[in-house]
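So that the names make sense, note that chain A is the first sequence line, chain B the second, and so on, each numbered from 1. Computation of the quantities below employed the complete heavy-atom set of this structure, encompassing side-chain atoms and omitting hydrogens, waters and symmetry-equivalent molecules.
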There are 2 protein chains.
Amino acid sequence: MSEPRWLDAGQQRDWRAFIDGSLRLHDIMDRELKAKHGLSGSEYEILVRLSEAPGRCLRMAELAEHASQSRSRLSHTCTRLEAKGLVRRESCSSDKRGVFAHLTDEGFAVLERAARDHVETVRNFFIDVIDPDDLKAIGRAFRAVAERIAQSR
Amino acid sequence: MSEPRWLDAGQQRDWRAFIDGSLRLHDIMDRELKAKHGLSGSEYEILVRLSEAPGRCLRMAELAEHASQSRSRLSHTCTRLEAKGLVRRESCSSDKRGVFAHLTDEGFAVLERAARDHVETVRNFFIDVIDPDDLKAIGRAFRAVAERIAQSR
DNA sequence: GAACGTTGGTTGAAATCTAAATTATTCCTG
DNA sequence: CAGGAATAATTTAGATTTCAACCAACGTTC
């Protein structure tokens, strides 16, 4: 096997900064969400996606795709969310295999409160410490990454 | 409570792109590492940090810090790595509470192989799809984020 | 309309992660 | 130097995640 194309010092440094910084950022936000609103990161993500969907309702498979979760994981998490009364599942009449996940009113209310704190944290640890042009660069970059990943399947 | 300072459309878009892209990127790399080398992301991280330490050996607490993991998690993961023969633990003679984690020769060999594939994946899904200036911006941004998080404790 | 392969979703067990309690040692202060 | 606070690491118990197996419904083909 040929010698791999190692990263140069600068690339290495920036790549590491991203890995480390994003890990810690994720970490701190999940902790905050859990402490103040009793929601895990993935639960929050699910509520957000549902809240944005028409009728606040999505098929499980679509929801899994939007929230970047495996179907299995989504099933488990939805079971929990349903137990908390934040989500309700309902089987689809046209395709009897299908299931719709609905955001309940209580779910929406919880999400609304959580989102207020969340945006504050996002600003505090991310938006406000980053140069606006650098933020745009981040957006560009990760859209490219997501696209590359999508096309790889 | 006053109205939160919501993100504007552009910030929202870029923030989302980051969250989504980085999640999927992490995901794909962990999967790759697991499939080809039987290592989880956090195991790999530990091996990397050890390999870079003088004598390929670190105190558990330092290792936890370098690898951004809780001590508890590190303990568990090290137990597993030790069972696989990739790491060896040895108690410290000067401070008997302390424990050194050593990277074994086999651990180093496994890491070497894994790193070759890993760098290829990093290029493929990250470095090569990003404009070099945007990569620098990412480095700057996440160094700032990490610093902000560090100073918040 | 029976057989086949596919899709949508759930389930259960094993692996992993988190948080709190535990153990052992060292540091500090009077 | 006794005693309490702090530190290093592990352990335990509980929650979450993953992985593979599963079931049911759909669509196609012959």
Side-chain angles (χ1 to χ4, degrees), chain A residues 23-24 26-46 50 57-84 86-102 153, chain B residues 23-24 26-46 50 57-84 86-102 153:
Chain A
L23 192 65
R24 289 172 194 261
H26 243 104
D27 223 61
I28 216 167
M29 295 202 311
D30 284 0
R31 213 173 291 286
E32 220 252 352
L33 221 45
K34 185 61 132 190
K36 293 196 190 163
H37 304 278
L39 291 173
S40 73
S42 52
E43 288 173 336
Y44 180 75
E45 188 67 17
I46 287 170
L50 280 179
C57 147
L58 279 174
R59 284 285 292 270
M60 293 298 276
E62 291 177 292
L63 182 50
E65 177 58 27
H66 285 309
S68 309
Q69 295 185 17
S70 72
R71 292 184 183 189
S72 165
R73 184 177 174 184
L74 178 64
S75 265
H76 286 296
T77 309
C78 265
T79 304
R80 258 175 284 140
L81 285 172
E82 209 167 15
K84 294 191 201 177
L86 310 185
V87 160
R88 181 170 39 82
R89 274 181 290 195
E90 193 168 286
S91 89
C92 167
S93 55
S94 69
D95 179 345
K96 281 175 186 161
R97 294 166 306 178
V99 172
F100 282 108
H102 292 263
R153 319 191 218 207
Chain B
L23 192 66
R24 287 173 194 260
H26 243 103
D27 223 60
I28 215 168
M29 295 200 312
D30 284 359
R31 213 172 291 286
E32 220 252 353
L33 222 43
K34 184 60 132 190
K36 292 198 191 163
H37 304 277
L39 292 171
S40 73
S42 52
E43 288 173 337
Y44 179 77
E45 189 67 17
I46 288 171
L50 281 178
C57 148
L58 279 175
R59 286 286 291 271
M60 292 298 276
E62 293 177 291
L63 183 50
E65 178 57 27
H66 286 309
S68 308
Q69 295 185 18
S70 73
R71 291 183 185 193
S72 164
R73 183 177 175 185
L74 178 63
S75 265
H76 287 299
T77 310
C78 266
T79 304
R80 257 175 284 141
L81 285 172
E82 209 166 15
K84 292 191 202 178
L86 309 185
V87 161
R88 182 170 37 82
R89 274 181 292 193
E90 192 166 287
S91 90
C92 166
S93 54
S94 68
D95 181 344
K96 280 175 187 162
R97 295 166 306 180
V99 171
F100 283 108
H102 292 264
R153 321 190 214 216

Pairs under 3.5 angstrom, nitrogen or oxygen only, protein versus nucleotides 22-26 of chain D, please.
| residue | atom | partner | partner atom | Å |
| --- | --- | --- | --- | --- |
| D:dC26 | OP1 | A:K96 | N | 2.9 |

Over how many whole Å does the gap from A:R80 atom CZ to C:dT11 atom C1' extend? 14 Å

NA contact type, A:S40, heavy-atom cut-off 4.0 Å: base, sugar-phosphate, or nothing? nothing

Report which part of the nucleic acid A:T79 touches: base, sugar-phosphate, or nothing (heavy-atom distance under 4.0 Å, all strands). nothing

Identify each donor-acceptor pair in which a side-chain atom of residues 59-71 of chain A lies under 3.5 Å from a protein atom, sequence neighbours left out, and give them as a table.
| residue | atom | partner | partner atom | Å |
| --- | --- | --- | --- | --- |
| A:E62 | OE1 | A:R59 | N | 3.3 |
| A:S68 | OG | B:D20 | OD1 | 3.0 |
| A:S68 | OG | B:R24 | NE | 3.3 |
| A:S68 | OG | B:R24 | NH2 | 3.1 |
| A:Q69 | NE2 | A:S42 | O | 3.4 |
| A:S70 | OG | A:R73 | N | 3.0 |

Please report the interatomic distance CZ(B:F100) to SG(B:C57), rounded to the nearest 0.5 Å. 5.5 Å

Yes or no on salt bridge (charged side-chain N to carboxylate O under 4.0 Å, His left out) for B:R88 and B:E90, after CA distance, side-chain angles and deciding distance? CA-CA 7 Å; B:R88 182 170 37 82; B:E90 192 166 287; 2.7 Å; yes

Phosphate oxygens OP1/OP2 of D:dA20: is one of them under 4.0 Å from a side-chain N or O of A:S72? no

Which nucleotide in D:dT17, C:dG9, C:dC17 has an atom nearest any side-chain atom of B:T77: C:dC17

Would you say that more than 12 heavy atoms from the other residues, nucleotides or ligands in this model lie under 6.0 Å from the NZ of B:K96, or not? no

Quiz item: A:H76 side-chain donor-acceptor pair to C:dG9 base, under 3.5 Å: no

In whole angstroms, the gap separating C1' of C:dT16 from CZ of A:R73 amounts to 12 Å

Assuming nearest nucleotide by heavy-atom distance, tell me which of B:K34 and A:E43 is located more 5' along DNA chain D. A:E43

Do B:S40 and B:R80 have side-chain N/O donor and acceptor atoms under 3.5 Å apart? no

Atom CD of B:E62 to atom C1' of D:dA9: distance rounded to whole Å? 14 Å

Spacing of A:R71 atom CZ relative to C:dG12 atom C1', expressed in whole Å: 19 Å

Atom CD of A:E45 and atom P of D:dT17: how far apart are they, to the nearest Å? 13 Å

Assess, by modelled atom type and distance only, whether the side chains of A:T79 and A:R89 contain a donor and an acceptor separated by less than 3.5 Å. yes

Atom pair CG (B:L39) and NZ (B:K84), whose distance is rounded to the nearest 0.5 Å: 5.5 Å

Expressed as a whole number of angstroms, how long is the span from B:R89:CZ to D:dA9:C1'? 9 Å

Separation of C:dT16 atom C1' from B:D30 atom CG, nearest Å, is 13 Å

Can you work out whether A:G98 or A:R31 has the more 5'-proximal nearest nucleotide on DNA chain C? A:G98

Distance, rounded to the nearest Å, where B:L63 contributes CG and D:dA9 contributes P: 10 Å

